[in-house]
Amino acid sequence: MAVSTSTLILLVIIYFTCTFYVARLGYKKNSQTDDGYMLAGRRVPPAIMALSYGAAFISTSAIIGFGGVAASLGMGLLWLVFMNIFFGIFIAFVIFGPGTRRMGLNLGAITYPELIGKRFQSRFIQAFSGLLIAVFMPLYAASVIIGAGRFLETTLGINYNVALLIFIVIIAFYVIKGGLLSVMYVDAMQATIMLIGMTFLLVYTYSKLGGVVEAHQALTNMANLVPQALVDQGHRGWTSMPAFNSPIWWTMVSTIVMGVGIGALAQPQLAVRFMTVKDDRSLKRAVAVGGPFLLMMAGVAYVVGALSNVYFYRNTGMIATQVVPGGNTDLIIPAYLNHAMPALFVAIFMLSLLSAAMSTAAAQFHTMGTAIGYDFYQHGLMKGKSSSSTVHVTKIGIAFTIVVAVILAYVLPGSIIARATAMFMGLCTSAFLPLYIGALFWKRTTKAGATASLVIGSISSLFWLVFVHATEAVPLGICQAIFGKETLLTGTWPLVDPIMIATPLSFLVLIVVSLMTPRLSPEFLKKAFRLRLEDEEEASEATSHSAADSAGV
């Protein structure tokens, strides 16, 4: 039985009322100051930070985009879940988080570009990083709002363009008005809704398909139904990894698993959240919340995406990619939800997907706004001499990037969500990860080394995208127009993701140039790496506990 329009409207009204109420709590608390608006006052509770981090990480690009990819390529994407939890949560919170928090506080940094800019005493690094984020993150943001728009389109039957506009107006209101604390409070609320929705989706799917064992066995038995075009590219069934060194293997391993898995460490909108908590203990406590949350969000999406083939084949005689128009993988999860789930659940799950999209998009818009308004314009072009207030300039930057992302959402082609996400995360990995590691863990890293790494990592990643990696180079057509061929290299090279080439090159440049150039002053490094009183007390307490354990106390 279909859910009435009045019920849908009531659910949406309740949801947005809660959203605006929670956003207002964040706004009233400390969004009137620069530190409050841009960094949430640096005293966010660990559970709120973990849920906000997870909600900003997992969006419609994971649920809709990568869920659809799993329906096409299979459960090999579960390796991405492992990478997300190991690198995106454990390594990020325990290894990268404490150093990021302390250094940000020591240097007075309130954005990710400002953190690395001040660490290397380089206004260029701050401005260039801000520009890189402002130019390329809208592609990632567009992929997120496309996912929300597609689901609203298929669920509510409203025009895709209208769905996008409604979605964007709501996000813009509380992001521009409320600042980062409002964003994080709303993220935490939305993460709770997402967790409930995904739990029900997993349980209902297995129930619908006869249980865990029967569902997976049925999917294994369908290997002979894989389209020949995918078989020729290395597909060996939805419960098997693709053939080694095949085109699909390279896509899954280098682009998706490596690019998105490791790329989480260098995401500006995620790293800045480490600077919002009050101490290192909060970051360690956050692992217990962030890890299970990510497991449920990404793991369920990929499992259900692959298993949707079983449902569609039993009920329509077709596999998932044959059910949707043009094989558009972005439409598979919405189609599965609308075909298989109870009408009331679809309406409620719509709120889960809205939450996923809004939480990630809000984090992206806040990061892009601070990057273009604060890092690039105020501290780059104006060299910190702008007469406008930081908050005012940032709000203008947020509004501008929202417009750009919306335009991209209208013009990007189908099946773009997962690809756009992987492209941006891969670029961030090549551009930011080497110098981020150098900033936190290698005092010998120099200003020249960090600058060279940032520039070479960015340029080499973009060059590989445009001229070598076939997935982007062929549709872009720039290489064909200039050189008369689709890609500059042949053989296996066009299958290799830019992250596999640009990131090692960026690391190499960082090390070589740093060893050849003067290091930063010992006084400055002492300031950047110093422990504050609360950190010393925490470290002392940890040492005391360790000594007591060793003594058998």
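Positions are given from 1 along the sequence. Everything quoted here is computed from the prediction, not taken from an experiment. FYI, side chains are in, hydrogens and waters are out, and symmetry mates aren't considered; it's all heavy atoms of this structure.
Between L454 and F432, the closest side-chain pair of non-hydrogen atoms falls below 4.5 Å. Under the 4.5 Å side-chain criterion, counting only non-hydrogen atoms from C-beta, L78 is in contact with V81. Side-chain contact between M198 and I63 is present, with heavy atoms from C-beta onward closer than 4.5 Å. The shortest side-chain heavy-atom distance between L283 and M49 falls under the 4.5 Å cut-off. Looking at S506 and S460, their side chains never come closer than 4.5 Å, going by heavy atoms from C-beta outward. Inter-residue side-chain proximity for L139 and M423 is flagged as met; some heavy-atom pair is nearer than 4.5 Å. When side chains are defined from C-beta on, I64 counts as touching P334, because their heavy atoms get closer than 4.5 Å. Counting only heavy atoms from C-beta outward, the side chains of W493 and L488 never approach each other to under 4.5 Å.
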Exercise. Dump the intermediate steps for side-chain contact (heavy atoms from CB on, under 4.5 Å) on L201 and L337, then the final yes or no.
Key: CA-CA 9 Å; L201 177 63; L337 292 170; 3.6 Å; yes
Exercise. I would like to know whether Y436 and T100 meet side chain to side chain donor-acceptor pair (under 3.5 Å); could you show each step before the answer?
Key: CA-CA 9 Å; Y436 187 28; T100 303; 2.5 Å; yes
Practice problem: Take L489 and W464, measure what side-chain contact (heavy atoms from CB on, under 4.5 Å) needs, and give me the verdict at the end. | Solution: CA-CA 10 Å; L489 300 180; W464 202 265; 3.8 Å; yes
Exercise. Just do the side-chain contact (heavy atoms from CB on, under 4.5 Å) check on M368 and F400 with the steps written out, would you?
Key: CA-CA 9 Å; M368 290 187 291; F400 175 77; over 6 Å; no
Practice problem: Determine, stepwise, if the pair V323 / Y336 fulfils side-chain contact (heavy atoms from CB on, under 4.5 Å). | Solution: CA-CA 9 Å; V323 170; Y336 172 71; over 6 Å; no
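Across every non-hydrogen atom of L132 and A431, the tightest pair is CD2-CB, 3.7 Å. Annotation for S72 and W238: closest pair O-NE1, 3.4 Å, computed over non-hydrogen atoms. Residues G74 and H235 come closest through the heavy atom pair N-NE2, 4.5 Å. Contact detail for T429 and G259: the closest heavy-atom pair is OG1-O, 4.1 Å. Of all non-hydrogen atoms in P498 and S430, the two that sit nearest each other are O-OG, 4.3 Å. In plain terms, the two heavy atoms of M75 and V303 that are nearest each other are CE-O, 3.8 Å.
Atom CZ of F424 is separated from atom CE of M137 by 3.5 Å, given to the nearest 0.5 angstrom. Summarising the geometry, atom NE2 belonging to H469 is positioned 11.0 Å from atom CD1 belonging to I499; distances are rounded to the nearest 0.5 Å. From L495, atom CG reaches atom CE of M500 across 12.0 Å, with rounding to the nearest 0.5 Å. Atom CG of residue L435 and atom OG of residue S453 lie 5.0 Å apart, to the nearest 0.5 angstrom. Distance check: L440 CG to I116 CD1 gives 10.5 Å after rounding to the nearest 0.5 Å. Within the model, atoms SG of C479 and CG of L465 stand 12.5 Å from one another, a figure rounded to the nearest 0.5 Å.
A side chain to side chain contact (heavy atoms under 4.5 Å, CB included) with I456 is found for one member of L505, L510, L508 and no other, namely L505.
A 6.0 Å sphere centred on OH of Y204 holds more than 12 heavy atoms belonging to other residues, nucleotides or ligands. Sparse packing is recorded around CE of M258, with 12 or fewer heavy atoms of other residues, nucleotides or ligands lying under 6.0 Å away. Within 6.0 Å of CZ in F200 there are more than 12 heavy atoms belonging to other residues, nucleotides or ligands.
The backbone N or O of A229 sits nowhere less than 3.5 Å from a side-chain atom of D232 that would complete a donor-acceptor pair. In this structure, T321 contributes its side chain and G327 its backbone to no donor-acceptor pair below 3.5 Å. Checking side-chain atoms of S246 against main-chain N and O of Q233 turns up a donor-acceptor pair under 3.5 Å. Checked by atom type and distance alone, the side chain of N309 pairs as donor or acceptor with a backbone atom of A71 at under 3.5 Å. For T401 (side chain) and G397 (main-chain N/O), a donor-acceptor pair under 3.5 Å exists by modelled atom type. Side-chain N or O atoms of T255 include none that pairs as donor or acceptor with a backbone N or O of M252 at under 3.5 Å. Looking only at distances, no side-chain donor or acceptor of S207 sits under 3.5 Å from a matching main-chain atom of V203. A donor-acceptor contact shorter than 3.5 Å is absent between the side chain of Y302 and the backbone of L80. Judged purely by atom type and a 3.5 angstrom limit, S52 has no side-chain atom pairing as donor or acceptor with the backbone of A188. At least one donor-acceptor pair closer than 3.5 Å links the side chain of T370 to the backbone N or O of T367.
When only modelled atom types and interatomic distance are considered, Y15 and Q190 share a side-chain donor-acceptor pair under 3.5 Å.
Checked against the 6.0 Å centroid criterion, the rings of F293 and Y53 do not qualify as a close aromatic pair.
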Check residues 86-97 and write down every donor-acceptor pair under 3.5 Å in which the side-chain atom is one partner and the other belongs to a residue at least two apart or another chain.
none

